[in-house]
Protein chains: 2
Amino acid sequence: MAQAPERVLSIQSHVVFGYVGGKAAVFPLQCLGYDVDVVNTVNFSNHAGYGRSGGSKTTAAELNAIFESMEQNELLMPTRLLTGAEALSAVEKLASKLKHSRPSLIYLLDPVMGDAGRLYVAADVIPVYREMLPLATIITPNWFEVEILTDVQLNDSASLRKALSILHLQYHVPNVVISSIPLKQWLVDALPPSIRPPDGDHLLCITSSITNAPPSSSAPSLVHAQCVSTIPGYFSGVGDLFSALLLAHFHPHTSDTSSGASGATALSEAASQALAKTHTLLQVTHEQSMRLPAGERQPSDDELDSADPLRKTRRMRGRELALIQGQNIIRGADLDDTLPLKLWDSFWSQETVPAVV
Amino acid sequence: MAQAPERVLSIQSHVVFGYVGGKAAVFPLQCLGYDVDVVNTVNFSNHAGYGRSGGSKTTAAELNAIFESMEQNELLMPTRLLTGAEALSAVEKLASKLKHSRPSLIYLLDPVMGDAGRLYVAADVIPVYREMLPLATIITPNWFEVEILTDVQLNDSASLRKALSILHLQYHVPNVVISSIPLKQWLVDALPPSIRPPDGDHLLCITSSITNAPPSSSAPSLVHAQCVSTIPGYFSGVGDLFSALLLAHFHPHTSDTSSGASGATALSEAASQALAKTHTLLQVTHEQSMRLPAGERQPSDDELDSADPLRKTRRMRGRELALIQGQNIIRGADLDDTLPLKLWDSFWSQETVPAVV
């Protein structure tokens with residue numbers, strides 16, 4: 001439960017059925033005690049993964065009319081802001097205004113652009129996100145989005161350090177969280193033993209939080225990380241849920257950001273909560289989907305899917321996040337796993353593993 | 001928590017800030033274990049009581065595109081339906097289709113038309129609601145809306161019996177709930193002593209549920225009632241919250257609908273829960289608003305309001321339902337009051353109080 005009355009302004013897509021965008025973010029924030037002002041940037045029947053969807057986007061003029069009325073009515077008073085894909089230029093204008101009128105605004109910007117080497121958005125979106133970065137308190141790019149934002153290909157420790165330096169020092173983003181990182185061998189090798197994953201498939205979550213000391217280009221941040229076991233199958237809305245939980249658990253003024261045995265930061269503490277809750281909720285979702293009739297949990301197969309479009313639709317439906325059934329997890333009950341992020345204290349001092357010794 | 005996985009299709013207005021329409025209904029339903037498919041019939045900045053609001057209505061074509069895609073994707077599978085104002089013709093078509101394909105659908109129809117003698121909607125809306133009545137499992141008209149739907153002026157016990165007879169026998173509505181009824185003297189006099197209110201201002205809630213026996217025109221239903229003390233001031237979204245809680249707590253197959261000392265029905269049990277939770281949440285809202293700075297809790301005064309429009313806006317803002325702060329009430333904790341509806345066993349047999357003896 002938030003300690004002081006806090007309002008989140010959430011500007012995200014809306015789907016009638018299922019849990020992505022605002023539908024994945026708003027309920028968790030509400031469960032955790034936040035009043036949420038909910039702006040729908042689209043109103044669609046379902047997420048795009050189903051193949052077809054009906055509905056429409058909210059126009060920039062409609063969004064501006066909403067924001068203007070809120071301002072006139074003195075209702076534009078969020079302490080936190082959460083934005084994802086869609087309606088970028090209207091969001092940029094608003095975020096800039098809000099940040100300037102309330103410098104303490106906590107803004108979580110999820111720069112949704114693509115994944116696994118594929119860009120979802122038009123290329124002209126990239127410079128807009130870059131312009132918005134200095135407004136953000138926290139950003140939650142995936143691995144590919146870090147590459148796009150920084151123009152650095154991530155293929156060794158040095159490039160990862162360079163990318164984080166760019167985000168912190170050039171774009172002045174104080175907090176960066178990269179979750180669901182596929183564990184390439186160089187990354188496993190670079191991890192300190194305390195963070196290195198046990199056997200089996202894992203993904204990595206990294207947080208990087210600028211230190212209170214004047215940022216230095218050689219070590220501008222504290223980096224924390226944790227591995228999490230992979231859950232089979234693809235689930236939609238996971239990033240939206242994770243970002244909402246991260247924002248909900250981020251308490252920069254109550255955490256000790258400078259000391260402590262673990263050197264934990266407000267960011268790494270929030271990410272630990274968000275990671276454990278998201279992971280447990282995904283397990284519940286996976287188990288629930290495994291109990292469905294066979295026809296509703298067919299594995300991905302493009303050929304079979306194209307012969308029978310409902311095959312894909314039913315798979316998607318069976319993999320919607322079990323947000324309602326798992327709401328106690330969101331509230332912090334029914335949570336047996338904890339996944340505390342650990343300090344990666346050698347991150348900035350590590351030598352790049354030489355390609356050839 | 002709902003016993004079986006249940007989905008509610010909620011078709012209601014959406015506001016960014018505050019809690020009316022879908023914003024008052026969806027979160028409580030989710031807290032009580034329902035997956036909710038959320039169709040937004042409008043997207044406005046705030047409710048109309050603020051005086052100005054920005055945004056737009058969803059067109060009938062947009063709604064139909066959403067419903068069509070959901071149907072094609074096999075996502076139109078609610079076990080319950082909740083509809084309020086707006087988008088009436090699209091809602092009627094859909095409700096009719098859903099009810100015919102799933103006769104067990106539990107449909108709560110809130111026929112929003114007006115209050116306290118004032119019609120909010122165009123007169124041509126009235127026949128549409130009348131056409132929809134036979135589709136409904138539960139309707140939640142207010143006192144004035146009962147008068148409009150039945151064309152009966154409610155000014156004595158006989159007229160109230162006549163209106164309920166019309167709803168049950170002519171429109172085939174199995175369950176009628178009328179809440180927030182101002183207690184006129186004839187109504188107080190008609191109440192059995194067990195239901196008669198103590199001193200102080202009270203409102204009455206009446207439920208009327210057709211009996212399992214073949215409906216007879218002399219006693220077609222079991223009627224229950226309960227008084228609830230008035231909370232000062234006007235709050236928006238109360239009816240939307242009450243209807244959502246009523247739908248959430250309505251379990252026709254688990255309640256004993258025919259016997260028992262109290263003759264309780266699934267409807268009266270659901271209304272008891274909804275009444276207690278709504279009333280407790282309103283108390284929390286009222287107490288919260290009383291702690292606001294003086295400028296944000298000025299009483300209604302049309303003259304002062306028109307001199308300073310923000311005076312009204314701030315009052316409205318201070319009286320938004322404390323849905324988030326009071327979420328434990330919705331879940332059934334923090335609920336010291338219970339307000340069980342009691343059987344009004346003389347309802348159908350009462351003699352009309354003669355005007356002159």
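Numbers restart at 1 for each chain; the letters A, B, ... are given by sequence-line order, proteins then strands.
Heavy-atom neighbours of chain B within the stretch residues 285-311 of chain A, taken at a separation under 4.5 angstrom, comprise Leu310(A). Using a 4.5 Å heavy-atom cut-off against chain B, the contacting residues of residues 36-44 of chain A are Val36(A), Asp37(A), Val38(A), Val39(A), Asn40(A), Asn43(A). Within residues 48-61 of chain A, the residues that have a heavy atom under 4.5 Å from a heavy atom of chain B are Tyr50(A), Arg52(A), Ser53(A), Gly54(A), Gly55(A), Ser56(A), listed by number. Inspection of non-hydrogen atoms places Ser69(A), Met70(A), Gln72(A), Asn73(A), Glu74(A), Leu75(A) of residues 67-76 of chain A under 4.5 Å from chain B.
Only the side chain of Thr313(A) comes within contact range of chain B, with heavy atoms under 4.5 Å apart. Heavy atoms closer than 4.5 Å to chain B are found nowhere in Lys312(A), neither backbone nor side chain.
When atom types are taken as modelled, the side chain of Tyr107(A) and the backbone of Lys99(A) share no donor-acceptor pair closer than 3.5 angstrom. When atom types are taken as modelled, the side chain of Gln273(B) and the backbone of His249(B) share no donor-acceptor pair closer than 3.5 angstrom. Although no hydrogens or angles enter the test, the distance criterion places no donor-acceptor pair under 3.5 Å between the side chain of Asp110(B) and the main chain of Gly84(B).
Contact of the Leu98(B) side chain with the Pro78(B) side chain is registered, since non-hydrogen atoms from C-beta on lie closer than 4.5 Å. Taking the side chain as every heavy atom from C-beta outward, Leu105(B) and Arg80(B) never approach each other to under 4.5 Å. Two residues are said to be in side-chain contact when any heavy atoms from C-beta on lie closer than 4.5 Å; Lys277(B) and Leu32(B) meet this criterion. Looking only at side-chain heavy atoms (C-beta outward), Phe27(A) and Gln327(A) come within less than 4.5 Å of each other.
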Leu81(A)/Leu109(A) under side-chain contact (heavy atoms from CB on, under 4.5 Å): CA gap, chis, key distance, verdict: CA-CA 8 Å; Leu81(A) 175 66; Leu109(A) 165 65; over 6 Å; no
Just do the side-chain contact (heavy atoms from CB on, under 4.5 Å) check on Phe17(A) and Arg7(B) with the steps written out, would you? CA-CA 10 Å; Phe17(A) 187 101; Arg7(B) 295 196 86 82; 3.3 Å; yes
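The choice from His14(B), Glu62(B), Lys23(B) that makes the most heavy-atom pairs within less than 4.5 Å of chain A is His14(B).
Closest non-hydrogen pair, Leu241(A) versus Pro28(A), comes out as CD1-CG, 3.7 Å.
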